[in-house]
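Reminder, nothing fancy here: chain letters follow the sequence lines and each chain counts from 1.
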Number of protein chains: 2
Amino acid sequence: MATIEDVAKLTGLSRTTISRVINNHPYVSEEKRKLVLEAMEKLGYVPNSSARSLRNQKTSILALFIPRITNPFFSELVEATEIAAAEHGYQLIICQTRYSPEKELNYMNLLKTKQVDGVILASIQNEWKKLKPFLQYGPIVLCNEFDDCANVPTVRLDQVYGGYIATKHLLERGHTKIAYCSGGYRSNVAQSREIGFKKALAEYKLTFDERYAFRDVFHIADGKRVFHQMMALSERPTAVFTGSDEVAAGIISEALRCGYRIPEDLAVVGFDNQAITELTNPTITTVHQPVKQMAQKAVDIIVEKIQTKKYEVKEIYEFPLQLIVRASTVGSELHESEA
Amino acid sequence: MATIEDVAKLTGLSRTTISRVINNHPYVSEEKRKLVLEAMEKLGYVPNSSARSLRNQKTSILALFIPRITNPFFSELVEATEIAAAEHGYQLIICQTRYSPEKELNYMNLLKTKQVDGVILASIQNEWKKLKPFLQYGPIVLCNEFDDCANVPTVRLDQVYGGYIATKHLLERGHTKIAYCSGGYRSNVAQSREIGFKKALAEYKLTFDERYAFRDVFHIADGKRVFHQMMALSERPTAVFTGSDEVAAGIISEALRCGYRIPEDLAVVGFDNQAITELTNPTITTVHQPVKQMAQKAVDIIVEKIQTKKYEVKEIYEFPLQLIVRASTVGSELHESEA
DNA sequence: TATGAATATGAAAACGATTTCATTCGTTTC
DNA sequence: GAAACGAATGAAATCGTTTTCATATTCATA
C-alpha cells in the first residue's frame, strides 16, 4: 500500500534518497539512512516487485519445464532446482508440459513477455528450431535433455554410460538374453541409454534383439504388463534392463506374485535409485543419477547467462552416473559395490 | 524488444489504440485493428508483463506453499494446482518451506511485495497470528491445512473421518491392539486423524495406549524402524494405523523380510492411496484423498477472492476421504470394498 | 585562498503498459 | 437545421521504481 513516495513525504526527503537506502547505494548520510529505515518500518513499506521488474528489466523468476511433476525423478529435480534458485534470489515457476508441444510453446511465452528471466528445459517437446526464436528474449538452458542442434548451455547426465554400466553388470553375471525396457521413444535420454545398452552387448559379441525390446514403459502397471509379455516369449530373457525403478518394481512385484524368483529366474536392474528400490524384496539394483548436482549446475549457469546476456553458447556439462548393486541382480550373495 | 510505442509508430496510430486492440476493447475500426495486428506480427511485439502488472496491479501468479515436493502427496497437489491455475490463466510459484517457520515467513513477502496475487498454504509452519498481517496485501487460502484462528477460506479433507474409517476397519476385523503411527506432531492433519482414531477406539470401548503411539514417522526407513520397535513391545499390536503409504510399505517390507506374515501377524493400513500400495505384496489397504478436487477448489476460491478483494472470510470446504480395502488388512480372503 | 575532489541530496526522465478525458467526426432525431 | 448521440481516435496522466544529471556542501591540497 505504502509507496516510496509516502516514505519520501514522511521523511521530507526525495524518492532518490529512499531508493538509495533500499538498494544500499553510497552517499547517504547515516542520519538520513536511519530516518528512512524508521519511516519504512513505520509505514510497513516494501518495494513493489512489478515496478522494480519494469525498471530493472528483470523479474528474478525462472521457469522450469517438466513433463509432469508426479514422476519422482522430476519431483527431485524440482526440489533441487527450487532450492538452488532460492539461493540465487530467484523464484521458480513450474511449467508442466504434460508431453504436449503446444503447451510447451505456450509456456515459452513467459520468456517472450518477460515474465521470467530464463527458462530451464528439463523436457523438450518441440524441435529445436521451434524453440530457438525465443532465445532472443532470454537464456534457455537444457537440463537432463539435449539436442544436437541446440546452441545453448546443456547440463546433462551421461546416459550412454548409464545404459552401459547397467547392462555390463548383467553381462558380467553371465546373462546373454537381456530384455530392454524404456520410457518415451522420442526422448533423447532413452535413446542414449539404448546406445549404451547396445555398446555393452557389442562388447560381448551380442546383438540387440528387437523381440526383447519394450518401449513406452513408464509405470508400475506397465512393468507388470511387460513381465507377462516377456514370460510369453518362446525364449525367455533371464535378465531385464529397465528405464525406471518403478518399472523394475512392477516387474519384480508381478514376478514374485506369480511364483518366480528374483534374481534366479529373472535379474532386474532399475534406474533412478529411488526410495522404492529399498522397499521391494529383493531390493533393486539401479543407477544413481546425481540430480541435485545437475539442478544446481543448471541454475548456476542460467543465472550467469542472465547476467552476461550471452545466450547462444554451446557448452556441455556432463555428470557421471553410478551403478548401485542390490539384490535384484545378485540375490543373497555377498555383493560388492561397483563404481 | 518491441514496445507498444514501436507498434504505434509503425501504424501511425496512438498507443491507446494499440492497447485497445491488445485488450479487445470496443471502438476500434476493423481497418485499424487489422493494421495493428499486422504490425504486431511484423515486429514480433508482445506486451511486457512487468509493465502490465504494474499498471493493472496484478501479476497473474499464485504462490503455493508446501513443505517439500518430493513427498508424493504434495507432488500430486502441486500437479493438480498447477493445472487448475493454468486454467484460470495463472502461473504457479513453488515455495518449499522445508518445515522452517523462517522460510515460510520469508516466502510470505512475495505477497507483500506484490510478486504474487495470492498464496495457497498447503503447509503452515507459523502460528496464524504471525501470518495474519500479510492478509492486508492479498488473499491467503488454506489447503489441506487448517487453523481454528484463521479467518480465511479453508479447503480441506475430513481427516478425522479418515482416521476413523481406517481404524474402524481394523476394529471390525477383530483387532484390539492397534498401533498408531503419524507424521508431524504439530500438523493439524495428524492431530485430526488421531482424533478419528480415538473416536473409533472409543466406540469399541478401547482407550488410546501411548505405548502404541509412534510420532514423527514419515518415510519408508521410519516404517522399517518402527516395525522393530513394535515387535519389541511386550504386548505386540496385531494391527497398525499409519499416516502414509510409505510408512506402511516400510513396515510391510521389513515384516516380510523378517519372516512375519501380513496381515496374519500384523494388519497394516496406509494413507494416501499412492502407487506403491499396488506394488507391495500384499497390496496396501489405504485411505484415498481427493487431492485433485481439493486443489481445484483452492484455486477457484483464491481466484474469486482476488477478484472480489474480500480476503477475511472464514469459509470451509470439506471433501470426504474414502477407504480402499486391499490385502494388507484382509489377506487373500475375498474382500468387499467399503465406502 | 582558490581549486578540485569527494560527499550528499533532489528533479525529472525513464521503464512499458492502461485509462481517463477530450476531441473529432458522422448519424440520427425532432 | 440544430441538438444529441455514438463511434473512433489521441494526449497525457498514471502505476512505483531506478537512474541520470545537476546542484550544493564539505574538505583537503597547493
Side-chain angles (χ1 to χ4, degrees), chain A residues 1-37 39-40 43-61 109-117 137-138 309, chain B residues 1-37 39-40 43-61 109-117 137-138 309:
Chain A
M1 304 247 84
T3 74
I4 199 172
E5 181 68 35
D6 297 326
V7 183
K9 284 223 180 83
L10 184 58
T11 56
L13 295 164
S14 71
R15 297 203 296 275
T16 313
T17 304
I18 314 300
S19 178
R20 286 208 181 87
V21 172
I22 295 170
N23 297 286
N24 277 312
H25 285 173
Y27 303 144
V28 175
S29 68
E30 200 45 47
E31 173 204 4
K32 305 284 160 101
R33 157 169 270 109
K34 264 182 68 181
L35 190 65
V36 170
L37 257 19
M40 293 193 341
L43 294 170
Y45 167 79
V46 82
N48 177 297
S49 298
S50 303
R52 290 189 118 171
S53 295
L54 175 58
R55 175 65 223 213
N56 295 335
Q57 304 282 50
K58 98 189 277 301
T59 61
S60 295
I61 303 180
N109 284 319
L110 289 174
L111 197 57
K112 199 169 178 182
T113 62
K114 294 279 173 199
Q115 195 156 18
V116 302
D117 291 338
Y137 305 107
K309 301 199 169 138
Chain B
M1 306 249 83
T3 75
I4 199 172
E5 181 69 37
D6 298 325
V7 182
K9 284 223 181 83
L10 183 60
T11 55
L13 295 165
S14 72
R15 297 202 298 272
T16 313
T17 303
I18 315 302
S19 177
R20 286 209 181 87
V21 172
I22 295 169
N23 297 286
N24 278 311
H25 285 173
Y27 303 145
V28 176
S29 67
E30 200 45 47
E31 173 203 4
K32 305 285 159 96
R33 158 169 268 110
K34 265 181 67 182
L35 190 64
V36 170
L37 257 18
M40 293 195 338
L43 293 171
Y45 168 79
V46 82
N48 178 298
S49 298
S50 303
R52 286 190 121 171
S53 295
L54 175 59
R55 175 64 223 212
N56 295 335
Q57 304 283 49
K58 97 189 278 300
T59 61
S60 295
I61 303 180
N109 284 318
L110 289 174
L111 196 57
K112 199 168 178 183
T113 62
K114 294 279 172 202
Q115 195 156 18
V116 302
D117 292 339
Y137 306 107
K309 301 199 170 139

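dA14(C) atom C1' lies 13 Å from atom CD of E5(B), rounded to whole Å. We find that CD1 of I18(B) is positioned 12 Å from C1' of dA17(C), with the value rounded to whole Å. Atom NE2 in H25(B) sits roughly 15 Å away from atom P in dT9(D) (whole-Å rounding). Regarding R33(A), its CZ atom lies at a distance of 13 Å from the C1' atom of dT7(C), rounded to whole Å. For the pair L35(A) CG and dT9(C) P, the interatomic distance rounds to 10 Å; values are reported in whole Å. Remark: C1' of dG10(C) and NZ of K9(A) are 15 Å apart, rounded to the nearest angstrom.
Applying side chain to side chain contact (heavy atoms under 4.5 Å, CB included) to R20(B) and the options H25(B), K32(B), R15(B), R33(B) leaves one that passes, H25(B).
Using a 4.5 Å heavy-atom cutoff, the side chains of T11(A) and T17(A) are not in contact.
Contact annotation: K32(B) side-chain N/O to dA8(D) OP1/OP2 distance is not under 4.0 Å. Put simply, Y27(B) has no side-chain N or O that comes within less than 4.0 Å of OP1 or OP2 on dA8(D).
Rounding to the nearest 0.5 Å places OH of Y45(B) at 3.5 Å from CD1 of I22(B). Distance check: N48(B) CG to T3(B) OG1 gives 9.5 Å after rounding to the nearest 0.5 Å.
Within the nucleic acid shown, S19(B) comes within 4.0 Å of at least one base atom, counting heavy atoms only.
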Protein N or O to nucleotides 10-16 of chain D N or O, pairs below 3.5 Å:
unit_1  : atom_1 : unit_2 : atom_2 : d
dG10(D) : OP2    : S14(B) : N      : 2.9
dG10(D) : OP2    : S14(B) : OG     : 3.1
dG10(D) : OP2    : T17(B) : OG1    : 2.7
dG10(D) : O6     : R20(B) : NH2    : 3.0
dA11(D) : N6     : T16(B) : OG1    : 2.8
dA13(D) : N6     : R15(B) : NH2    : 3.3
dT14(D) : O2     : R55(B) : NH1    : 2.4
dC15(D) : O3'    : Q57(B) : NE2    : 3.3
dG16(D) : OP1    : Q57(B) : NE2    : 3.4

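Checking side-chain atoms of S49(B) against main-chain N and O of T113(A) turns up a donor-acceptor pair under 3.5 Å. For K114(B) (side chain) and Y137(B) (main-chain N/O), a donor-acceptor pair under 3.5 Å exists by modelled atom type.
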